Amino acid sequence: MNGLDSAILTLITFVPAAGALLLVLVPRRDRDIRVFALGISLLALALSLHLPDHFHRDQAGFQFEQNVPWIPAPNIHYHMGIDGISLWLVLLTTFLTPLCVLISWRSIHERVKEFFILLLLLETGLIGVFVALDLFLFYFFWEATLIPMALLIGVFGHERRVYAAVKFFLYTMIASVFMLAAILWLYAKTGSFDFTTVQTAIRGGGVEGMAAAAPWLFLGFFIAFAVKVPLFPVHTWLPDAHVEAPTAGSVLLAGVLLKMGTYGMLRFNLGLFPEQSRLNAPWIAILAMVGIIYGALVAMVQPNLKKLIAYSSISHLGFVVLGIFSFTSAGLNGAMFIMLAHGVSTGALFMLAGVIYERRHTYQISQFGGLATPMPAYSTFFLFIVLASLGLPLLNGFIGEFLVLSGAFQARTWWGVIATTGVIWSACYLLWMYQRVFFGAVTHAENLSLRDLDLHERVALWPTAVMALAMGVAPLLWLNAIAPAVDSTLAPFTQLARRVAR
Amino acid sequence: MVPLSYYLILSAILFACGVTGFLIKRNIITIFMSIELMLNGVNLSFVAFAVRWHNLSGQVFVFFVMVVAAAEAAVGLAIIIAVFRTRETLNIDQVNLLKL
Amino acid sequence: MTPNLHLWLLPVLPLVGAAINGLFGKRFNRRAVAAVALIFSGSAFLIALWVASQLPKMSSLPHVETVAGWLRAGTFRADFSFYLDQLSVVMLLVVTGVGFLIHVYSVGYMWEEGGYYRFFSYLNLFMFFMLVLVLAGNYLLLFVGWEGVGLASYLLIGFFFLRDSAAAAGKKAFIVNRVGDFGFLLALFLIIQHFGTLDFDKVFAAVEPYQGETAGFGFLTAIALLLTMGACGKSAQIPLYVWLPDAMEGPTPVSALIHAATMVTAGVYMVARSHVIFERAPSALMVVAIIGALTAFFAATIGIAQTDIKKVLAYSTISQLGYMFLACGVAAFSAGIFHLMTHAFFKGLLFLAAGSVIHSIGGEQDMRKMGGLRTRIPGTFWTMTVATFAIAGIPPFAGFFSKDEILWRAYQASWAYWLVGLLTAFITSFYMFRLWFLTFFGQYRGSAVASHSHVQPAPGVIEVANQRPRVGEAENAQARGLSGTPVQESRGHEHGGIHESPTVMLVPLAILAVLSLVGGWIGVPGSLGGSNRFDKFLGPVFRSTTPALTQEHERPAESVPPERETEGAEPQTGHGTELVFTAISVITAFAGFGLAFLLYWKRPELPDQIAASFHGIYQAVANKYWIDEVYAVIFVKPLISVSALVFWRGIDQGVIDATIDGSAEGARELSDNLRHMQSGNLRSYAGWVAIGATGVIAYMLWVGMR
Amino acid sequence: MTLIQTTAALPAAPDYVRILPEIVLSIFGMAIMLLDPLIDERRGQRLLGGVALAGSLVAVVATLFQAQQQFWGSGFWDMVKVDAFSIFFHFVVAAVLLLVILSSYEYMEVQQIRAGEYYGLLLFGAVGMDLMSSAVELVLIFIALEISSISTYILAGFRRRSAISTESSVKYFLLGSFATAFFLYGVALIFGATGSTSIPRISAALTEYISGGGGPLLAYLGIALMFVGLGFKVAAAPFHIWTPDVYEGAPSPVVGFMSTAPKAAVFAVLLRIMFQIEAPGRIWLIWIAAALSMTLGNIAALVQDNVKRLLAYSSIAHAGYLLVAFASLPENGIPAAMFYTASYAAMNVGAFAVVGHFASAGERYVTLEDYSGLGRRSPVLAAILTIFLLSLIGIPITGGFFAKFYVFSAALQANLVGLAIIAVVNSAVAAYYYLRLMVVMYMREPRDESPVPAIPSRLGIALGLSLAATIYLGILPGRILEYAARSVALLR
Amino acid sequence: MLHMILFLAFAVLSVAGAVNLLIQRHPISSALSLVVVMGSLAVEYLLLGAEFVAAVQVIVYAGAIMVLFVFVIMLLNAGEEERTHGSRVAWLLGIPGVLALTVIICWALVEHSMAGVAAIGALPGPPADIAELLFHEFLLPFEVTSILVLIAIMGAVVLAARPESVEQTKKES
């Protein structure tokens with residue numbers, strides 16, 4: 001541990017925010033602003049690369065910890081740290097943000113400054129959510145992501161942006177106050193916001209009134225996370241938000257924001273309330289499975305490209321939730337892996353959707369057709385990502401899906417059976433969409449002269465493609481770090497199971 | 001020898017009359033008078049209670065209430081004049097630009 | 001000390017080829033593209049030969065080489081490990097050998113097509129995945145190859161993507177395969193659940209102690225059935241066969257390579273690979289046999305009435321795959337693999353030859369518009385003839401031996417299987433000769449090829465940038481595409497006329513023809529004086545793990561010779577009986593020939609009359625029993641309309657969003673009502689205050705009096 | 001105390017320090033009154049404003065001076081008490097006064113309001129509020145309450161040429177007096193029950209009664225009536241009904257003033273009465289009032305199109321949140337309430353300053369549509385307002401967030417789970433209407449492109465200060481909270 | 001007995017005055033009724049011994065304040081009250097509320113107030129004693145009232161002064 005290690009998380013978290021502040025001072029020359037934003041996001045990426053490099057993969061606990069008292073009276077600490085679970089989510093965020101900057105290079109030409117300020121602020125919030133180990137700090141960042149995202153949708157979005165932004169904001173806001181209530185209750189009873197302290201207190205059984213309150217606390221956290229994920233039936237904000245959001249917003253929304261929910265479930269629902277998690281797992285799994293199938297089927301009939309991808313996210317995140325609540329090593333590892341894989345591939349899908357929107361100003365699938373002819377490179381990228389998304393082996397989607405399904409199967413056979421139908425549905429909607437958009441003859445004359453990917457777009461897309469492949473071929477690079485964290489999360493469950501068995 | 005509670009009940013009745021006046025009178029000035037009526041009722045209570053406790057501060061309180069009432073009357077009537085200037089009416093039912 | 005064979009090289013070589021062509025091929029000229037493709041696939045073939053030659057030297061088989069870890073979760077792990085035994089060597093040779101030949105053929109066949117580099121890139125990619133499939137050391141890696149070949153198939157079927165039907169066919173193939181994969185995946189999960197691993201050696205070792213699940217329905221049966229489901233998808237068995245005929249939208253070499261010789265046999269391979277499990281699940285084996293028999297017969301009947309030359313071959317493939325399934329179902333795994341191999345030769349050849357035919361007459365695929373090509377394209381004719389004889393089961397061609405073997409083993413299991421198989425053989429012979437007669441004999445019924453000179457196919461549009469001279473044509477094609485004219489897969493030949501294919505195509509034909517002729521000789525059964533070397537070769541694979549298999553399905557136990565358990569050993573029934581059956585199947589083959597001769601050579605008007613008199617049946621057969629339509633009505637349309645109307649419009653918008661918007665609206669309405677409290681009237685306000693005060697006072701008094 | 005009483009007829013010197021801010025404010029107020037006729041009206045605006053500003057600044061200094069430990073304690077024969085608690089509210093009142101004066105300059109010019117009386121009334125009103133927070137004797141509380149009320153009645157009607165301003169004034173006045181009468185009746189009954197009007201003595205008497213088994217019913221009655229009166233002043237439901245009308249009609253800076261400073265002072269009184277007197281049965285009373293205030297305020301605001309009314313409803317809701325803190329145990333509830341008061345003051349004054357500036361002459365631009373496209377027309381103004389709105393919602397890094405946070409956690413610590421949940425749900429619902437305003441500002445096209453007047457420097461300072469306070473409270477709330485927590489111990 | 005008779009007589013008078021205030025439609029009549037109430041109350045104060053309060057009641061209240069009222073009524077030339085129906089709430093909620101309130105309070109006073117009895121002049125409040133209190137214990141409130149009065153004056157000046165701008169606009173037009 002060198003000196004950098006204790007401050008690195010703070011640095012990564014706040015570099016984008018500092019960049020955003022500096023951006024306020026940069027004169028309104030759009031090009032400079034873009035370059036500057038790119039530089040900042042790349043800086044954050046570079047800094048975050050320190051993490052996997054120095055991460056001790058064989059350790060289960062939190063690393064790179066920084067723990068400073070912040071507010072003494074309610075005992076709030078500025079406590080940050082990562083384990084194998086949050087490590088990759090941080091990297092996912094820093095990985096996607098520069099791509100977002102690139103993909104917005106041309107598509108955002110009005111109020112450029114505000115856009116990139118919001119984007120960078122959003123990055124800070126997202127990273128903060130993943131590194132915060134103080135419940136209060138966590139909630140703080142959790143809420144802090146809301147505003148930039150809502151503004152990105154509401155200001156830079158498309159026609160029905162206001163409706164979408166308000167829907168997004170209220171949905172998640174209303175849900176997250178339940179979490180706040182739960183956090184406050186925990187504080188009131190344990191006198192601490194610190195995650196590990198609270199966890200120890202709960203596991204020690206010394207929290208008064210816990211038995212009666214636990215179901216409600218679990219629910220409080222769960223509602224907030226479920227809306228964020230989003231789990232059926234509280235998912236309807238997502239399609240609207242995605243359709244209206246600008247490309248970069250969609251990328252971060254699908255790529256990272258949704259993971260806040262599943263991350264929360266993993267860390268807080270499982271970490272703090274193992275017993276409740278076990279009790280509630282059946283219905284949650286049912287919701288997750290409904291989400292998988294329902295999301296896919298609804299995606300299939302969407303006339304709108306982005307909506308289709310949005311519903312596919314619902315389906316994919318259903319896998320994640322199912323994996324988490326299977327309480328099996330495979331399920332949890334897989335859930336983590338899907339989070340990352342989905343971040344990369346759906347992020348890329350939204351970028352691709354943005355590329356075509358920029359050229360045609362529509363997402364209606366019926367407006368396309370035969371795009372493979374004028375845009376071969378584009379269609380190749382698209383196909384690659386589609387394949388990654390539908391879980392083709394050796395690409396990133398497969399690993400997680402396989403692990404999750406296998407975990408679910410081990411947990412309850414019929415969970416596995418039902419969820420596995422998802423592999424059929426995802427092929428249906430993705431390939432059908434691909435066929436309608438890219439194959440066949442060009443049916444709209446204006447599509448004939450569409451220009452293929454430009455340099456920025458290529459630079460933004462290549463990393464996702466490479467990452468999709470790398471994650472599929474060498475998932476151990478990721479799983480190595482995830483496994484100890486997952487094992488320690490699962491430890492109470494094996495004990496529970498043993499107790500039940502006895 | 002009159003039981004103290006008689007005084008108190010009288011004061012309560014006067015207070016209630018004041019409240020009723022506030023509710024049913026339309027003329028702003030009369031409504032204001034109803035408030036004065038309420039204050040008078042309260043004052044009676046103070047004096048009665050002062051007797052009850054043999055404590056003169058009850059009477060002093062009444063004095064202060066009167067001062068306040070005087071000040072209120074000055075301001076209140078000025079306000080009423082201002083309202084009358086802008087609205088040309090003293091009917092409170094018609095002073096309802098601000099609503100919903 | 002087993003030598004390190006560097007098995008990973010085998011799949012990686014074609015992958016490198018695919019990558020080079022895929023990433024940079026656009027800038028290469030055609031020769032360079034072809035060279036890259038051929039070098040990498042050819043060297044894979046050479047290495048495969050070398051590996052095969054090393055086999056006798058191996059101290060222990062199967063030989064497993066683990067290259068790197070892949071994934072791990074808890075105690076479960078799966079590695080990049082390769083598994084070599086006799087079975088995989090056979091597959092290896094078939095895949096690389098036939099694959100390489102088809103590569104060579106394609107160099108000529110696709111020369112005029114656009115997307116040349118793309119085609120070879122896909123083709124090499126296919127080789128990669130196929131080799132991963134056959135070399136995989138665990139089920140998961142097998143699944144990688146399994147899905148990967150599906151992908152390659154998807155890409156290649158949809159190669160002419162401007163054609164809607166091609167795109168749709170590719171998608172259909174993928175999705176139908178996914179249905180099978182659903183079962184496959186579940187099987188994997190079951191295996192993991194029970195054995196904690198997917199490695200072949202470990203799983204098989206773990207299965208071995210189990211007794212056969214003769215009574216009841218155990219987990220091995222479940223695994224086997226689910227694996228069967230996967231195999232049905234890949235190998236186009238009932239009910240998942242529907243994608244294969246459509247897959248003929250792909251370029252003909254693709255049909256030869258993927259949809260005849262190699263990929264579609266993956267299911268058979270997988271069943272054979274898992275024979276340890278299947279042997280302990282007799283009811284599952286029975287299901288496999290029944291599916292195989294039914295498919296064989298069913299597809300063959302459809303083959304009778306098809307007019308598209310490739311469609312006939314497609315149904316024939318399905319039917320032959322049914323044979324292989326049947327073989328596996330009666331636990332004659334080596335017979336199945338034997339047929340797999342010979343089928344690869346002759347069916348590959350048939351497709352390539354058919355491609356050559358199509359090529360020669362300018363892209364026409366309808367047999368009714370062919371005829372009399374025997375003299376015009378003699379090379380093609382002769383090779384095709386060999387192949388036809390082979391598939392029809394005429395001795396001593398390859399197909400005869402393998403088919404005979406299967407029929408014999410089927411009979412040993414149940415006479416019903418044998419009967420169905422025999423009928424199928426008859427029909428097969430009939431429709432193959434029908435094809436043969438229609439194509440090569442009689443008068444040429446097509447219009448002049450010169451006038452057919454098609455414009456350059458539209459797929460080439462992608463290459464527009466690279467091929468300046470073609471720009472005009474491309475635009476022309478575009479225009480056609482826009483106007484809705486279906487763009488055909490077309491070989492544009494400015495010179496016109498029916499002509500023989502170039503040497504580069506004929507050489508592979510010739511080689512395959514030779515193989516179709518002699519390929520069966522390595523498996524000549526004892527009854528015919530051979531020693532069935534093939535069976536012996538594969539023996540260790542299937543014998544080494546053979547359990548106390550009890551074949552009690554369908555037939556009384558006594559009819560199953562206990563010795564059947566050991567493959568390769570001489571059946572006790574004696575050569576006499578076997579010879580009788582051989583004779584019957586030969587006669588059947590000739591009967592088919594005879595009928596075809598009668599109907600399509602002697603009395604060409606008869607078929608129409610028959611069709612007219614059996615109108616209903618004919619229609620059913622010609623329309624493939626309307627299975628596609630039935631599927632559409634039962635699955636596709638309800639799914640789409642339920643998704644759209646019930647789920648999306650109904651639940652999503654009608655219920656959830658409506659609830660949310662409704663509650664928002666409700667809140668707004670409440671708010672609006674609440675606002676009316678604020679009437680603006682001072683006396684009302686005082687009223688509120690008074691009532692509030694009353695409430696407060698009453699409450700406090702109540703508290704005070706308690 | 002008795003020592004002073006017997007030895008000297010006149011109060012001792014420290015006693016004057018104990019009312020030093022009030023003295024300062026009175027002197028400056030009178031100075032303004034004297035200067036007003038002497039100077040020309042045009043120049044007078046600035047000059048008088050400067051004097052008022054100086055007064056508020058000196059008041060801040062005086063508060064700080066007063067905060068020295070040696071001056072703590074009761075003065076004027078148990079009339080006022082200087083403790084951490086009163087100093088806190090003095091500071092809040094002085095700070096609000098400062099901000100309001102700063103943001104009034106421009107408004108006065110635009111609205112042509114006579115400066116002398118305006119500033120004088122502000123300063124004198126502040127005297128009343130200061131006294132309220134430090135008084136421990138009901139007589140003084142009553143008079144101080146009247147001072148602050150009467151001055152705000154007048155201020156509400158200051159745009160006397162405008163019908164809505166006078167209407168606002170008359171409504172406020174009549175209802176306010178009505179409520180005062182209730183309060184007074186309550187005082188009378190408490191006096192009747194305990195024989196005293198001094199809070200410590202009342203407290204002692206009541207404790208005695210209660211320990212003796214059941215207090216006199218009159219005391220309950222008195223508490224109830226006082227609660228009616230004070231509840232009216234803080235706009236707690238069901239006595240909130242005047243708020244929207246009055247806020248809509250009153251001049252914006254005045255609304256900023258009267259929605260914060262007097263409220264803070266009345267809350268101080270409520271705290272003293274409710275907790276120092278240990279009023280029995282208060283918890284559920286406040287519980288219901290809090291729940292009602294939050295719910296009614298938030299729901300009624302949902303469809304409000306007038307920004308001032310919207311903020312009025314929001315202030316009702318905020319009073320509800322504050323009452324949640326009241327309902328909680330004193331150890332946690334009082335610091336939470338104090339913190340809430342401070343941060344609410346900062347953000348609300350700021351918000352009304354923006355609204356007042358934007359409304360321009362005649363308070364014209366106050367509807368939601370007027371705000372459409374403000375984000376484009378005046379990014380700075382919109383951004384500032386956005387931050388205040390975010391704080392009102394309770395989004396992190398703003399004071400409003402911590403304020404809510406402490407209140408909710410106090411409620412949970414007091415086991416008021418139901419109330420906490422109502423509060424939490426309410427704060428989520430509330431997000432909607434603040435968001436509506438933000439949406440209009442940023443996501444709608446401007447209705448007219450006429451330039452928004454630039455922010456004058458003094459208003460800029462006011463906005464900057466309130467922004468700084470809002471953010472400071474949102475990032476480093478520790479010190480304030482610690483201070484508040486310390487004052488609780490001394491409150492008894 | 002005399003005490004009781006006097007109390008009752010003036011109690012009835014004051015209630016009658018209060019009711020009359022409510023009944024009368026002309027503000028002047030209401031104001032005069034209020035004067036009656038105030039006068040009767042002054043007598044009641046005397047009965048309780050609060051001489052100073054009684055005097056102030058007559059001088060300040062009945063004298064000064066009511067004169068102010070009458071003056072304003074005359075100034076504004078307020079006519080008879082119109083019988084408008086602006087508020088249902090006042091009748092539906094307010095009046096029942098008031099009735100309930102009165103009943104509750106009276107009941108509480110009767111049942112639970114101490115059973116003290118007051119003789120005539122029970123607690124004499126001579127001005128000297130009052131002054132002692134005012135300038136000693138209540139010194140601060142007393143001084144503070146000056147600010148209150150100052151505010152009142154200012155308010156009256158500001159609000160009641162003729163708006164200059166109205167005049168200006170009149171001149172201009």
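All chains are named by letter (A, B, ...) in the order of the sequence lines, taking the proteins before the strands, and each is independently numbered beginning at 1. These numbers were taken from a predicted model, which means no experiment stands behind them.
- In this structure, the portion of E:Leu101 lying under 4.5 Å from any heavy atom of chain D is its side chain and not its backbone.
- Residue E:Phe71 places its CZ atom among 12 or fewer non-hydrogen atoms of other residues, nucleotides or ligands, all under 6.0 Å distant.
- Residue D:Tyr185 touches chain E through its side chain alone, counting heavy-atom pairs closer than 4.5 Å.
- Each of D:Leu131, D:Leu225, D:Val139 has some count of heavy-atom pairs under 4.5 Å with chain E, and the biggest count is that of D:Val139.
- The nearest pair of heavy atoms linking D:Met79 to E:Glu137 is CE-O, 3.3 Å.
- Residue E:Phe138 touches chain D through both its backbone and its side chain, counting heavy-atom pairs closer than 4.5 Å.
- Atom CG in E:Leu140 sits 12.5 Å away from atom CZ in D:Arg18 (nearest 0.5 Å).
- Atom OG of D:Ser169 is separated from atom CG of E:Leu159 by 6.0 Å, given to the nearest 0.5 angstrom.
- The parts of D:Leu121 that come within reach of chain E are both its backbone and its side chain, each placing non-hydrogen atoms under 4.5 angstrom from that chain.
- The neighbour count for E:Glu51 CD, taken as heavy atoms of other residues, nucleotides or ligands under 6.0 Å away, is above 12.
- D:Glu137 touches chain E through its side chain: at least one heavy atom from C-beta onward sits under 4.5 Å away, while N, CA, C and O do not.
- When D:Val127, D:Leu123, D:Leu25 are each tested for a side chain to side chain contact (heavy atoms under 4.5 Å, CB included) with E:Ile147, only one passes: D:Val127.
- Closest non-hydrogen pair, E:Met154 versus D:Glu117, comes out as CE-O, 3.5 Å.
- Closest approach of D:Leu140 to E:Pro141, counting heavy atoms only: CD1-CA, 3.9 Å.
- By a heavy-atom distance cut of under 4.5 Å, D:Glu146, D:Ile147, D:Ile150, D:Ser151, D:Ile154 are the residues of residues 145-156 of chain D near chain E, going up by number.
- Atom CE of E:Met74 has 12 or fewer neighbouring heavy atoms from other residues, nucleotides or ligands inside a 6.0 Å radius.
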